[in-house]
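Have a look at the structure below before the remarks.
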Amino acid sequence: MPIRQLPSQLVNQIAAGEVVERPASVVKELVENSLDAGASQVEIEVEAGGARRIRIRDNGRGISREELALALHRHATSKIQDLEDLEGVGTLGFRGEALPSIASVSRFSLTSRTADSDRGWRVESDGAAVSPPEPAAHPRGTTVEVRDLFYNTPARRKFLRTEKTEFKHIDELVRRVALARPEVRFDLKHNGRMVRRVAAAESDQDMARRLTDLLGPEFSDRSIGLDHSGAGLRLRGWVGLPTYSRSQADQQFFFVNGRMVRDRLVTHAVRQAYADVLYHGRQPVYVLHLVLDPRRVDVNVHPAKHEVRFRDGRLVHDFIFRTLNEALKEVRPADRLEPAEVTHLGQVQGAALGGMPGLSPGSSMPVSSVPLALGTPGGGSERLSIPPAYGSAAAAVPLGVAEPEEIPPLGFALAHLHGVYILAQNASGLVLVDAHAAHERITYERLKRSSADQGLKSQMLLVPVDVPVSEREADCAENHAVDLAGLGLEIDRIGPDCLRVRKIPTLLQQADAAELLRDVIADLLAVGSSQRIAEERNRVLSTMACHGSVRANRRLTVDEMNALLRDMERTENSGQCNHGRPTWVSLDMGQLDRLFLRGR
């Protein structure tokens with residue numbers, strides 16, 4: 001066919017294929033426009049999962065009569081004017097494609113009124129021509145109504161799922177936007193029924209309620225807050241404790257300058273931060289906001305704006321990793337003792353493991369208790385000699401003598417149950433500790449500190465290992481030779497697509513050198529840095545710690561048990577063992593009373 005200019009209507013419909021995937025895509029684009037307009041209230045009404053009708057109303061700045069029709073033309077926008085604006089986009093929308101694309105595949109109306117106007121104005125489109133502006137009664141703000149989505153593109157309409165599925169996507173989108181903008185009120189109706197009403201969070205208590213409404217009580221109960229700045233970056237939000245994880249990545253929310261994104265670099269950094277504490281195959285939960293100069297992130301890399309590209313990806317990756325890693329390590333039993341919930345007779349919702357003070361955006365907020373499932377017995381039944389530290393502890397202070405403020409967080413030992421669990425009494429009630437799991441974590445952290453203090457020692461391979469790679473991988477290894485040497489790997493390039501490993505870390509002498517090198521290079525190509533060596537080293541140390549820890553059925557004296565409790569209170573990550581299992585739980589007197597119906 002000859003080259004020719006496509007009709008504007010077809011151009012808009014092609015663009016709609018990139019921007020409008022389903023009704024939720026329409027809601028996303030329109031709500032983002034409302035937020036960019038400064039709205040503090042956004043009402044969302046949908047019918048038939050959004051296929052029949054979508055109506056978004058806000059109280060933002062509105063659109064003037066003169067600009068109303070122009071808003072439905074391609075590449076017409078108030079958000080950028082030149083290349084400098086494009087290189088530092090500070091708004092959620094900016095392409096100027098959303099409204100014309102949506103209007104091209106629906107029956108569309110746009111009604112708006114500005115603060116300085118005495119009336120509102122409306123324009124309409126039936127998928128092609130745009131009507132002249134007409135007067136319309138309307139409060140300050142904007143209402144967009146989208147009817148019969150894809151009515152003129154039946155092939156696209158056939159790809160829509162059931163009403164229930166399409167609405168589920170819309171509801172999920174509203175949850176994400178509400179997490180991104182806590183200062184905005186959101187109302188969501190489906191088929192005339194109010195489904196979700198999220199009040200604006202004007203205080204720390206409001207934010208706690210919003211988290212509970214959007215993510216459930218478990219999230220706010222089992223998360224820790226953080227707010228850390230450095231290198232021109234700020235990371236704030238909430239992360240779940242390692243012992244609170246999920247089988248799916250369905251509670252992972254990450255925002256860059258208020259924009260919802262899915263980014264492999266971020267996912268990789270978070271996964272590495274949890275690598276040493278998370279149970280195998282489990283997914284961490286988090287709501288995190290990264291704030292940085294808009295000029296340091298490119299948001300113009302995806303038509304639907306789902307992805308971003310950081311100017312310095314390695315810096316961002318390492319900042320996220322270090323911030324989360326330090327936040328998780330700082331949690332101690334003293335920070336986490338709050339009562340758990342008893343749902344009904346004989347069923348304890350979980351133990352009292354509370355979070356560190358949580359932080360709503362820009363403020364501090366106490367996060368409540370962290371319920372956890374009771375741990376399983378640890379290790380086998382073999383008898384190993386307990387380290388001397390637990391055979392020479394000072395006698396415990398009798399609980400009847402000590403003042404409440406003198407009683408440590410995990411209390412004093414009472415008994416060793418079946419050679420597995422330590423029963424202790426603290427100021428609020430009962431503490432149960434899995435002795436093997438707790439000692440395993442303590443031993444592991446000591447081994448890590450000792451290894452770090454002594455430095456990473458390398459060992460020359462008796463027979464160097466040749467590793468076939470791609471030219472790109474070989475170039476990466478050559479360019480990162482200093483980084484690899486710092487990880488204990490001595491590498492030579494012996495051909496365009498071949499590397500030779502001469503040295504590896506001493507602790508990893510049993511590792512597959514070729515596989516290790518390939519994994520490290522893969523990380524360097526993806527994010528510019530690698531924690532593979534540290535992860536492999538920690539795996540070896542974890543095994544050593546497991547075999548060197550107190551085993552089940554090894555009877556401990558009271559002094560030994562108390563020494564173990566004190567070490568737990570001082571040790572990083574002591575709330576879970578090396579495999580992610582909880583090491584301790586607690587029940588306060590109120591919970592115990594409810595279990596036995598006391599006072600009823």
Side-chain angles (χ1 to χ4, degrees), residues 218-219 221-226 238-247 251 270-286 321 324-338 340 348-356 367 369-379 409-410 420-422 424 431-449 531 534-535 538-539 541-552 564-587:
E218 286 190 328
F219 181 87
D221 287 347
R222 304 186 186 189
S223 63
I224 58 176
L226 58 90
W238 299 266
V239 293
L241 286 170
T243 40
Y244 171 52
S245 59
R246 299 173 72 86
S247 60
Q251 284 201 3
V270 174
R271 188 174 66 247
Q272 284 195 336
Y274 277 89
D276 202 21
V277 292
L278 199 63
Y279 199 73
H280 178 70
R282 303 291 291 180
Q283 294 287 340
V285 300
Y286 54 84
F321 165 74
L324 298 188
N325 188 254
E326 291 299 320
L328 293 171
K329 289 196 298 186
E330 286 301 313
V331 183
R332 297 289 192 275
D335 303 311
R336 299 162 56 177
L337 273 165
E338 293 291 342
V348 182
Q349 179 70 23
L353 299 185
M356 292 170 56
V367 177
S369 63
V370 182
L372 296 173
L374 293 174
T376 58
L410 296 180
V420 176
Y421 297 111
I422 296 173
V431 176
L432 298 97
V433 175
D434 182 333
H436 171 76
H439 189 216
E440 185 179 359
R441 171 58 72 177
I442 292 167
T443 305
Y444 177 44
E445 293 297 336
R446 285 176 176 168
L447 287 171
K448 285 200 299 181
R449 287 196 299 272
Q531 297 289 326
E535 290 173 2
N538 289 345
R539 183 181 60 80
L541 296 179
S542 177
T543 300
M544 294 167 60
C546 185
H547 289 296
S549 300
V550 177
R551 296 291 177 165
L564 181 61
L565 296 176
R566 301 296 79 80
D567 271 351
M568 289 177 64
E569 292 161 353
R570 294 188 292 266
T571 301
E572 296 174 347
N573 299 314
S574 63
Q576 58 280 321
C577 74
N578 311 352
H579 314 293
R581 293 192 297 106
T583 58
W584 65 277
V585 296
S586 83
L587 300 170

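FYI, the numbering just counts along the sequence from 1. Note that the structure is predicted; figures quoted are calculated from it, not measured. Quick note: numbers below take in every heavy atom, side chains included, and nothing from hydrogens, waters or symmetry partners.
- From E330, atom CD reaches atom CG of N325 across 10.0 Å, with rounding to the nearest 0.5 Å.
- Residues Y274 and V239 have side chains in contact (heavy-atom distance under 4.5 Å, counting atoms from C-beta outward).
- Considering all non-hydrogen atoms of both residues, A437 and P582 come closest at CB-O, 4.5 Å.
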- Message: Between S247 and R282, does the side-chain contact (heavy atoms from CB on, under 4.5 Å) criterion hold? Intermediate values first, please.
- Response: CA-CA 5 Å; S247 60; R282 303 291 291 180; 3.8 Å; yes
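- Expressed to the nearest 0.5 Å, how far OG1 of T571 lies from CZ of R566 amounts to 11.5 Å.
- Here the side chain of E569 pairs a donor or acceptor atom with the backbone of L410 at under 3.5 angstrom.
- For the residue pair T243 and G580, the shortest heavy atom distance occurs at CG2-O, 3.6 Å.
- Taken to the nearest 0.5 Å, the CH2 atom of W238 stands 12.5 Å off from the CD1 atom of I224.
- A273 approaches L324 most closely through the heavy-atom pair CB-CB, 3.6 Å.
- Here the CZ-CZ distance, from R441 to R581, works out to 11.5 Å after rounding to the nearest 0.5 Å.
- Heavy atoms only, all atoms of each residue included: P333 and S574 are closest at CD-OG, 3.8 Å.
- Expressed to the nearest 0.5 Å, how far CZ of F321 lies from CD of Q531 amounts to 4.0 Å.
- A donor-acceptor pair under 3.5 Å is absent between the side-chain atoms of R246 and the main chain of V285, judged by distance alone.
- No donor-acceptor distance shorter than 3.5 angstrom exists from the side chain of R222 to the backbone of G240, with no hydrogens or angles considered.
- In this model, a donor atom of one side chain and an acceptor atom of the other lie less than 3.5 Å apart for D276 and Y444.
- Between A424 and L565, the shortest heavy-atom distance links the atoms CB-CD1, 3.8 Å.
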- Message: For L564 and I442: C-alpha separation, side-chain torsions, deciding distance, then whether side-chain contact (heavy atoms from CB on, under 4.5 Å) applies.
- Response: CA-CA 9 Å; L564 181 61; I442 292 167; 3.5 Å; yes
- Query: Given the rule in the side-chain contact (heavy atoms from CB on, under 4.5 Å) test, do H439 and T583 qualify, once you have shown the distances and angles that lead to the verdict?
  - Reply: CA-CA 9 Å; H439 189 216; T583 58; over 6 Å; no
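- To the nearest 0.5 angstrom, K448 atom NZ is 6.0 Å from N573 atom CG.
- The pair E445-R449 does not count as a salt bridge, with every side-chain nitrogen at least 4.0 angstrom from each carboxylate oxygen.
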- Candidate pair W584 and D434, rule side-chain contact (heavy atoms from CB on, under 4.5 Å), full reasoning: CA-CA 6 Å; W584 65 277; D434 182 333; over 6 Å; no
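- A 4.5 Å side-chain heavy-atom check between L278 and P284 finds at least one atom pair inside the cut-off.
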